[in-house]
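What follows is a single structure, written as structure tokens, with notes after it.
Every heavy atom of this structure was used, including side-chain atoms; hydrogens, water molecules and symmetry mates were not. One-based numbering along the sequence shown.
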Amino acid sequence: MSYEIRNMIIDDGFAGEEAVTADFFQNNKEYSVTFNKADLEVINSWMFEEETSLPANLSDEMIESLRNEVRKRI
């Protein structure tokens with residue numbers, strides 16, 4: 001599974017809880033996934049295409065890979 005995390009933001013004010021958002025590219029598409037910082041459960045995920053954002057349908061394998069990468073970085 002090949003992807004590149006381009007940006008990661010830790011936000012301590014999102015909905016009253018800390019969150020971590022990872023922006024990444026895969027297959028020439030841009031995605032953003034926000035995790036709850038405490039347990040790294042997915043809060044939301046988006047795919048950006050041209051000037052539109054759509055909910056991203058990411059595989060469990062992809063989510064787990066991102067979760068592991070985020071865990072290493074925080």
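Under the rule for a side chain to side chain contact (heavy atoms under 4.5 Å, CB included), Asn28 has no partner lying at least two apart in sequence or in another chain. For the side-chain hydrogen bond (donor to acceptor under 3.5 Å, both in side chains) test, no residue two or more places apart in sequence or in another chain qualifies with Ser45. Qualifying side chain to side chain contact (heavy atoms under 4.5 Å, CB included) partners for Glu50, counting only residues two or more places apart in sequence or in other chains: none. Here Arg71 pairs with nothing under the salt bridge (Lys or Arg N to Asp or Glu O under 4.0 Å) rule; sequence neighbours left out.
Sorted by first and then second residue, the salt bridge (Lys or Arg N to Asp or Glu O under 4.0 Å) pairs involving residues 25-43 (not counting sequence neighbours) are Glu18-Lys37, Lys29-Glu49. The stretch residues 30-72 participates, sequence neighbours left out, in these ring pair (Phe, Tyr, Trp, His ring centres under 6.0 Å) pairs: Phe24-Tyr31.
Of the options Val20, Asp11, Thr21, a side chain to side chain contact (heavy atoms under 4.5 Å, CB included) to Thr34 is made by Thr21 and by none of the others.
The two residues Ala56 and Met47 make their nearest non-hydrogen contact at CB-N, 3.8 Å.
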Check residues 58-67 and write down every donor-acceptor pair under 3.5 Å in which the side-chain atom is one partner and the other belongs to a residue at least two apart or another chain.
residue	atom	partner	partner atom	Å
Ser59	OG	Met62	N	3.0
Glu64	OE1	Arg67	NH1	2.7
Ser65	OG	Tyr3	OH	2.9
Arg67	NE	Leu40	O	2.7
Arg67	NH2	Leu40	O	3.3

> What do the steps show when you test Glu17 against Ile43 for side-chain contact (heavy atoms from CB on, under 4.5 Å), and what is the final call?
Replying inline: CA-CA 11 Å; Glu17 296 183 6; Ile43 295 173; 5.7 Å; no

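Within a 6.0 Å radius of CG in Asn57, no more than 12 heavy atoms belonging to other residues, nucleotides or ligands are found.
Taken together through direct or relayed side-chain contacts under 4.5 Å among Ile, Leu, Val, Met, Phe, Trp and Tyr, Ile9 and Val33 form parts of separate hydrophobic clusters.
One distance of note links CD1 of Ile5 with CG of Asp23; it measures 9.0 Å at 0.5 Å rounding.
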